[in-house]
Amino acid sequence: MSELAPFPGDAIVRPYPKINGPFKRCTERGDRYNKLIPGVWSDSSLKTLKDAEWRWTEKLDGTNLRIHWDGYRVSLGGRTERAQLHGDLIQWVQTNLPEELFEQKFGLQPVTLYGEGVGPGIQAGGGNYGPVKKFVLFDVLIDNVWRTNDTITEVAETFGLDQPSGAVYGGVQLAIDIVSLGLKSSHGDFTAEGLVGVPTDGFLNYRGGRIMLKVKTVDFGPGSGWNV
């Protein structure tokens with residue numbers, strides 16, 4: 001098994017898309033400063049698709065990871081090129097995701113696995129996710145095409161990876177209602193960070209970007225001041 005390498009200078013490893021909340025925030029100083037404005041959507045595509053079917057899974061509180069296979073070697077990076085990764089998280093990836101498995105599964109096909117590194121020492125409540133740092137898979141890009149949940153699950157099973165759990169299906173208001181009531185994490189007895197949703201039909205916006213959405217407990221949960 002070869003050592004993990006940082007992304008080579010000539011590699012094009014797409015960063016994971018930024019995920020917006022549903023509504024814009026108040027910019028006027030006062031009691032509502034930085035609070036969400038109900039009904040004022042952060043993107044017009046979200047308003048169009050608010051009643052469509054979305055797939056919602058628990059939002060994890062960790063560090064974003066990209067694991068890239070270029071057909072010859074595995075490289076690892078964070079959300080940005082400057083991200084600093086925990087040494088024992090790198091070791092976990094190296095031990096559990098050897099290049100031999102990538103070669104067997106994908107051959108020369110380029111693939112990037114996107115996920116969250118969670119565990120003790122990663123964010124304030126990292127220990128809630130278990131006693132060791134690990135990588136949880138939530139998205140897969142193969143040959144520059146985002147894959148459906150069936151493919152993501154297949155890849156997770158191949159590599160023995162966890163996925164964000166607790167999937168529910170429904171519109172944006174359903175996710176807001178769930179979080180506003182106090183969403184318990186599926187990883188233990190603590191409040192979840194919230195939910196992340198993707199339309200089940202995988203729509204793109206007019207800029208060609210993926211349509212995704214996060215509904216955070218800090219914005220919609222009990223005590224947030226959100227009016228359902």
Nearest heavy-atom approach of Glu99 to Tyr72 is OE1-O, 4.0 Å
Shared ILVMFWY cluster between Trp69 and Val140, side chains joined below 4.5 angstrom?
yes
Requested in this report: Please tell me if the side chains of Leu65 and Leu89 come closer than 4.5 Å, counting only heavy atoms from C-beta onward.
Outcome: yes
d(Asn205 CG, Ser44 OG) to nearest 0.5 Å is 8.0 Å
When rounded to the nearest 0.5 Å, the distance separating OG1 of Thr151 from CD1 of Ile142 is 6.0 Å
So the ring-ring contact (aromatic ring centres under 6.0 Å, His included) pairs with at least one residue in residues 27-48 (sequence neighbours excluded) are Phe23-Trp41
Note: with side-chain heavy atoms under 4.5 Å as the link, the other cluster members for Met212 come out as Tyr16, Ile19, Tyr114, Phe138, Leu141, Trp146, Val196, Val198
Residue pairs passing the salt bridge (charged side-chain N to carboxylate O under 4.0 Å, His left out) test with at least one member in residues 38-59, sequence neighbours excluded, are Asp43-Arg207
task: Determine whether the side chains of Ser75 and His68 contain a donor N or O and an acceptor N or O closer than 3.5 Å.
output: no
**Asked** If two hydrophobic side chains count as joined below 4.5 Å and joins carry through other members, does Val168 share a cluster with Val172?
**Response** yes
Contacts satisfying salt bridge (charged side-chain N to carboxylate O under 4.0 Å, His left out) that involve residues 156-176 (not counting sequence neighbours) are Lys134-Asp162
Checklist entry - For Gly170, does its backbone N or O pair with a side-chain atom of Trp56 as donor and acceptor, under 3.5 Å? => result yes
Could you tell me if the side chain of Val155 sits less than 4.5 Å from the side chain of Phe106, heavy atoms only? yes
*asked:* With clusters defined by side-chain heavy atoms of hydrophobic residues (ILVMFWY) lying less than 4.5 Å apart, directly or transitively, does Leu137 cluster with Leu60?
replied: no
Report yes if the side chains of Trp226 and Pro38 come closer than 4.5 Å at any heavy-atom pair, otherwise no. yes
For Glu154, the salt bridge (charged side-chain N to carboxylate O under 4.0 Å, His left out) test, sequence neighbours excluded, returns Lys105
Quick note, side-chain hydrogen bond (donor to acceptor under 3.5 Å, both in side chains) partners involving residues 212-223, not counting sequence neighbours, are Arg25-Asp219
I'd like to know whether Thr57 forms a side-chain contact (heavy atoms from CB on, under 4.5 Å) with Leu195, so could you lay out the CA-CA distance, the side-chain angles of the two residues, the decisive distance to 0.1 Å, and finally the verdict. CA-CA 5 Å; Thr57 54; Leu195 292 171; 5.9 Å; no
(message) More than 12 heavy atoms of other residues, nucleotides or ligands under 6.0 Å from CG of Asp31: yes or no?
(response) no
Rounded to the nearest 0.5 Å, the CD atom of Glu28 sits from the CG atom of Asn34 at a distance of 13.0 Å
Would a distance-only check, ignoring hydrogens and angles, find a side-chain to backbone donor-acceptor pair under 3.5 Å from Ser185 to Thr191? no
> Are Leu76 and Val136 in one and the same hydrophobic cluster, where Ile, Leu, Val, Met, Phe, Trp and Tyr link if side-chain heavy atoms are under 4.5 Å apart?
Replying inline: no
Tightest non-hydrogen contact, residues Pro120 and Pro131, listed as CG-O, 3.4 Å
Heavy-atom nearest pair, Val179 first then Pro222, reads O-CD, 3.9 Å
### Task
Decide if atom CD of Gln163 counts as having more than 12 heavy atoms of other residues, nucleotides or ligands within a radius under 6.0 Å.
yes
Exercise for the section: Applying side-chain contact (heavy atoms from CB on, under 4.5 Å), run through Lys133 and Ile122 and close with a yes or a no. Expected result: CA-CA 8 Å; Lys133 296 181 179 69; Ile122 301 178; 3.8 Å; yes
For residues 135-149, the salt bridge (charged side-chain N to carboxylate O under 4.0 Å, His left out) pairs (sequence neighbours left out) are Asp139-Arg210
Item to complete: Side-chain contact test, heavy atoms from C-beta onward, threshold under 4.5 Å: evaluate it for Phe102 versus Leu113 and give yes or no.
Response: yes
Quick note, ring-ring contact (aromatic ring centres under 6.0 Å, His included) partners involving residues 174-197, not counting sequence neighbours, are Tyr129-His187, Tyr129-Phe190
Grouping ILVMFWY residues whenever side-chain heavy atoms fall under 4.5 Å, the cluster of Val132 otherwise contains none
side-chain contact (heavy atoms from CB on, under 4.5 Å) filter on Leu101, not counting sequence neighbours, yields Pro98, Phe159
request  = With side-chain contact (heavy atoms from CB on, under 4.5 Å) as the test, would you mind laying out the steps for Phe135 and Leu97 before giving the verdict?
outcome  = CA-CA 10 Å; Phe135 173 77; Leu97 301 176; 4.3 Å; yes
Check: With side chains defined as the heavy atoms from C-beta onward, is the minimum distance between Val93 and Ile67 less than 4.5 Å?
Finding: yes
For residues 114-128, the salt bridge (charged side-chain N to carboxylate O under 4.0 Å, His left out) pairs (sequence neighbours left out) are none
Flag, side chain of Lys35 to backbone of Ser224, donor-acceptor distance under 3.5 Å: yes
ask   = With a 4.5 Å limit on heavy-atom distance, are the side chains of Pro110 and Asp70 in contact?
value = no
For Leu49, the side-chain contact (heavy atoms from CB on, under 4.5 Å) test, sequence neighbours excluded, returns Ala52, Trp54, Pro199, Phe203, Ile211
